[in-house]
**Q** 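If you scroll down you'll find the structure; I have some questions about it.
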Amino acid sequence: MSQVLEGLNPEQLEAVTLPHSSALILAGAGSGKTRVLTTRIAWLIQTGQVSPLAIIAVTFTNKAAREMLTRISAMLPINTRGMWVGTFHGLCNRMLRAHHREAELPQAFQILDSADQLSMVKRVMRGLGVDDEKYPPRQAQYFINANKEEGLRAPAVEAVDDFSRHLLDVYAAYDAQCNREGVVDFAELLLRCFELLQNNELLRTHYQSRFKHILVDEFQDTNRLQYLWLKLLAGSTSTIIAVGDDDQSIYAFRGARSGNMLEFEHDFGVGKVIKLEQNYRSHGNILDAANALIRNNRARLGKNLWTAEGKGEPLRLYEAATDVDEAAYILEEVRALQGDGVGLSDMALLYRSNAQSRVLEHALFNAAIPYRVYGGLRFFERQEIKHALAYLRLIANPEDDGAMLRVINFPTRGIGNRTLEQLQAGALNSGSSLWHSACSNPPAGRAGSAIAAFVRVIESMRNATEGLPLPEVVEHVIEASGLVNHYRKEREGADRVENLEELVNAAAAFVAEEGLAVYEADSANAPTTNADEQAIELEPLTAFLAHASLEAGENQAAAGADALQLMTVHSAKGLEFHTVFISGLEEGLFPHENSLNEEGGLEEERRLMYVAMTRARRRLYLSHAQTRMLHGQTRYNVASRFLDEVPQELLKRLGAAVPSLATGFASGEVMSRQRGKPVTVGGFRIGQHVLHPKFGSGVIVQAEGSGGDARVQVNFRDDGLKWLALEYAKLLPV
DNA sequence: TACCTCCACGTTTTT
DNA sequence: CGTGGAGGTA
């Protein structure tokens, strides 16, 4: 028996050693799914069943892909280079580079990130003369992506009304412009790759027979197009091992369809679904609470986590008077835990939406507790970095109008809007790129010479960097472009200069580490029907630019000392901590009010809560505030319904159980206590919890009038905000 | 061209 | 309340 199998539980073992048939593995939180995936790969190879070249493993994030490669390397003394392990986008990129001609792309095609895509959409809309008031570019961008992710090109989409007809025009023109410039967006990577396999039988059968084993992580997050791509790649001879957890599907809002799991079972004739239900992360009480909560969802495949460990501590529920009070409480507990030896970085402070972090950060900052907020700007998304990349893109491909527009006047060179308009008109007239138009028929006069100067800058950069190693190319460009000089002169530019220098290091690291290897790997001994695949020799610069687009860098503030982890529940997925604080558990916030009108919205919110709870290993805090400042006004919120769905015997209640004027309305009283004493209207006061025969329970948020005209606004847990006349409404104080 | 003021807006996010 | 984008002015 192979030693990689040691220590697996029966279900894990079954999943790892499945025969060559497609399977669905329902893997709960903390059940060792990554271990199962990597061990299966190791087992397949070690037992000599398949060559590493016959395996393709797909993930959603680069982090997950790296983790997988690291673990495989630890188990097997082989070079993992020939193995295709990566994200959907990364793998499609790899395939498209190898077969760029068949895909009708330049080999050095550039990848647009969301921001690049948006500016392209804006540009196209301006060209078409579409009113961007009536058709917000963001919406057009969403429209394009949503359709691509359904596998639909513009001509395949049916226009149902005038509005969608306009958006379709934009979609078509946008695609045409991308083709002209030789650029692709994220969704295009997948769609183009899908179409490549669909239209080219030779390539399709080649890859279908090569990749005998397809393994997919986080399968519940696949969208329509990703599923179609997988299906096409599998053909009739390959098998797919799909690992996922429908209870952790929290990305429906961006097109993920956990329904793909059911469809997969059907399409691939999956007989038995393997369930990994033993949890190796959390104590029993935490799991019992999470299980009880998620049982309230109807749309489930069904699964119940258990642990061999003890029940552990009860969950702690804190009811705070205000958001500030909530923060103060959390801070106190963090300090106490720190005293007990729990590291700050082993504690996470979670919230539903980013706006909630401010109050928490403020409190932490004042208390001088180190913290780290996830979800800020990432390295390759920074302004100065994008500028530098735009120069590099222009060197690699002068047809790239987006790059040209970004830097033609940055640093400023006296090329204003007027000149730019002339240039764009010229390009539009001749149907060519801006660069071409700038070279062949530049505008007359001063503007013309400014443009000629810019053209010379780019050309001399291209000449000077030809044949240089990548880091030196980058170094030359950040200097010769004038970027470094520009930011040196700026007041707050020091950080930006530093980042530009860091870009040189990033390029050096890229060359030294993986970098190009991925593109070269196949040449060794891949059985191939295609000459291209054997000789992928990508320019280092092109590869680096693709890397920059596909991996925007760490999604967090600078790593470093031991720090408390602050993040949204979404970004916490996949992580675990000794202690987890889930804050803002209030109706309207979590579940978020916007979700209540959406089909399946509440269930997605509940899965989100489930994900949040299952992050905790040992201790879980749940908290809510009666009063919270949001969008500049004080809101009174009822406790989240999710708190009622947790068995009460698992909870230890702390804090104010009953709202009281003394503690409860530090900020509310500014409004309600105008003349030294609390305003009461017909025996009710603002912030009071009430019961209505039809609408159920709620909280009084505002009041106006008096006597017979007295009206109060109540925030009902189920029906939202309503104005009620006290004379008629049968309100009961709670 | 740079700065400033005003206004609108305000889930979740990876590639 | 805070931010970010747009538009206007020096």
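Predicted, not measured: the structure shown is a model, and the values here were computed from it. Proteins get letters first, then strands, A, B, ... in listed order; numbering begins at 1 in each.
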**Q** Here's a test for you: under salt bridge (charged side-chain N to carboxylate O under 4.0 Å, His left out), which of A:Arg66, A:Arg378, A:Lys63 qualifies with A:Glu551?
**A**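 Of the listed options, the one satisfying the test is A:Arg66.
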
**Q** Mind checking which nucleotides bracket the chain A contacts on DNA chain C, 5' to 3', with an atom under 4.0 Å from a heavy atom?
**A**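 On DNA chain C, the outermost contacted nucleotides are C:dC1 to C:dG2.
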
**Q** For B:dT15, does the base pair up with any side-chain atom of A:Ser114 as donor and acceptor (N or O, under 3.5 Å, distance only)?
**A**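 Indeed there is one.
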
**Q** Report yes if a side-chain nitrogen or oxygen of A:Arg378 is closer than 4.0 Å to either non-bridging phosphate oxygen (OP1 or OP2) of B:dT13; otherwise report no.
**A**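 The answer is no; no side-chain N or O of A:Arg378 sits under 4.0 Å from OP1 or OP2.
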
**Q** State whether A:Asn409 places a side-chain N or O below 4.0 Å from either non-bridging phosphate oxygen (OP1 or OP2) of B:dT1.
**A**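 Checking A:Asn409 against B:dT1: at least one side-chain N or O falls below 4.0 Å of OP1 or OP2.
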
**Q** CZ of A:Phe186 versus P of B:dT14: gap in Å, rounded?
**A**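 Answer to the nearest Å: 11 Å.
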
**Q** Specify the glycosidic conformation (syn or anti) of B:dT11, with syn defined as within 90° of 0.
**A**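 Nucleotide B:dT11 adopts syn.
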
**Q** Quote, to the nearest angstrom, the P distance that separates C:dG4 from B:dT13.
**A**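 Per the computed distance, 15 Å lies between those P atoms.
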
**Q** Remember a base hit wins even if backbone is also touched, and classify A:Asn62 as base, sugar-phosphate or nothing at under 4.0 Å, heavy atoms.
**A**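 If one applies the 4.0 Å heavy-atom cut-off, A:Asn62 turns out to touch the sugar-phosphate alone, with no base involved.
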
**Q** Using whole Å, what does the distance between atom P of nucleotide B:dT14 and atom CG of A:Asp185 come to?
**A**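 Result: 17 Å.
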
**Q** Would you say the side-chain atoms of A:Glu326 pair up with the backbone N or O of A:Gly584, donor to acceptor, closer than 3.5 Å?
**A**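 Checked: pair present.
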
**Q** Are A:His570 and A:Phe253 an aromatic pair by the rule of ring centers under 6.0 Å?
**A**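 Yes, the ring of A:His570 comes within the 6.0 Å limit of the ring of A:Phe253, centre to centre.
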
**Q** Out of the candidates A:Arg192, A:Met95, A:Gln107, only one should pair with A:His100 under the side chain to side chain contact (heavy atoms under 4.5 Å, CB included) rule; please name it.
**A**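 Testing A:His100 for a side chain to side chain contact (heavy atoms under 4.5 Å, CB included) against A:Arg192, A:Met95, A:Gln107 leaves exactly one candidate, A:Gln107.
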
**Q** What is the distance, to the nearest angstrom, from the CD atom on A:Glu149 to the C1' atom on B:dT13?
**A**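 Rounding to the nearest Å, CD of A:Glu149 and C1' of B:dT13 are 12 Å apart.
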
**Q** Listed by chain and number, what are the side-chain hydrogen bond (donor to acceptor under 3.5 Å, both in side chains) partners of A:Arg393, not counting sequence neighbours?
**A**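 Scan of A:Arg393 (side-chain hydrogen bond (donor to acceptor under 3.5 Å, both in side chains), adjacent residues dropped) gives A:Asp116, A:Asp400.
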
**Q** How long is the line joining NZ of A:Lys148 and C1' of B:dT15, in whole Å?
**A**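 It works out to 13 Å between those atoms.
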
**Q** Nearest whole Å is fine: how far is B:dT1 P from A:Arg413 CZ?
**A**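 Distance, rounded to whole Å: 11 Å.
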
**Q** Write down the distance separating the C1' atoms in B:dT12 and C:dG5, rounded off to the nearest Å.
**A**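 Per the computed distance, 22 Å lies between those C1' atoms.
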
**Q** Give me the distances for all protein-to-nucleotides 6-12 of chain B N/O pairs that come in under 3.5 Å?
**A**
{"from": "B:dG10", "atom 1": "N3", "to": "A:His631", "atom 2": "ND1", "distance (Å)": "3.1"}
{"from": "B:dT11", "atom 1": "O4'", "to": "A:His592", "atom 2": "NE2", "distance (Å)": "3.4"}
{"from": "B:dT11", "atom 1": "O4", "to": "A:Glu598", "atom 2": "OE1", "distance (Å)": "3.4"}
{"from": "B:dT11", "atom 1": "O4", "to": "A:Glu598", "atom 2": "OE2", "distance (Å)": "2.6"}
{"from": "B:dT12", "atom 1": "OP1", "to": "A:Asn354", "atom 2": "N", "distance (Å)": "2.7"}
{"from": "B:dT12", "atom 1": "OP1", "to": "A:Asn354", "atom 2": "ND2", "distance (Å)": "3.1"}
{"from": "B:dT12", "atom 1": "O4'", "to": "A:Arg352", "atom 2": "NH1", "distance (Å)": "3.0"}
{"from": "B:dT12", "atom 1": "O2", "to": "A:Arg352", "atom 2": "NH2", "distance (Å)": "3.2"}

**Q** Answer whether the closest heavy-atom distance between the side chains of A:Leu602 and A:Arg641 falls below 4.5 Å.
**A**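 They are in side-chain contact.
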
**Q** Nearest whole angstrom, please: distance from the C1' of B:dT13 to the CD of A:Glu218.
**A**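 In whole Å, B:dT13 C1' lies 14 Å from A:Glu218 CD.
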
**Q** Ion pair present between A:Arg382 and A:Asp495, side-chain N to carboxylate O less than 4.0 angstrom?
**A**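 A:Asp495 and A:Arg382: not salt-bridged.
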
**Q** Check DNA chain B against residues 124-138 of chain A and give the residues with a non-hydrogen atom under 4.0 Å, in numerical order.
**A**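 None - not one residue of the stretch has a heavy atom sitting under 4.0 Å from the strand.
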
**Q** Just jot down the side chain to side chain contact (heavy atoms under 4.5 Å, CB included) partners of A:Asn485, sequence neighbours excluded, or say none.
**A**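 A:Asn485 satisfies side chain to side chain contact (heavy atoms under 4.5 Å, CB included) with no other residue.
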
**Q** Answer yes or no: is there an ion pair linking A:Asp246 with A:Arg300, defined by an N-O contact shorter than 4.0 Å?
**A**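 No, this pair does not count.
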
**Q** Say whether, by atom type as modelled, one donor and one acceptor occur between the side chain of A:Arg615 and the main chain of A:Phe577 under 3.5 angstrom.
**A**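 Here the side-chain-to-backbone pair does not exist.
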
**Q** At 4.0 Å (heavy atoms only), tell me whether A:Gly414 reaches a base, stays on the sugar-phosphate, or touches nothing.
**A**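 If one applies the 4.0 Å heavy-atom cut-off, A:Gly414 turns out to touch the sugar-phosphate alone, with no base involved.
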
**Q** List the residues meeting side chain to side chain contact (heavy atoms under 4.5 Å, CB included) with A:Ala639, not counting sequence neighbours, and say none if there are none.
**A**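 Partners of A:Ala639 by the side chain to side chain contact (heavy atoms under 4.5 Å, CB included) criterion, ordered by chain and then number, come out as A:His624, A:Leu643.
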
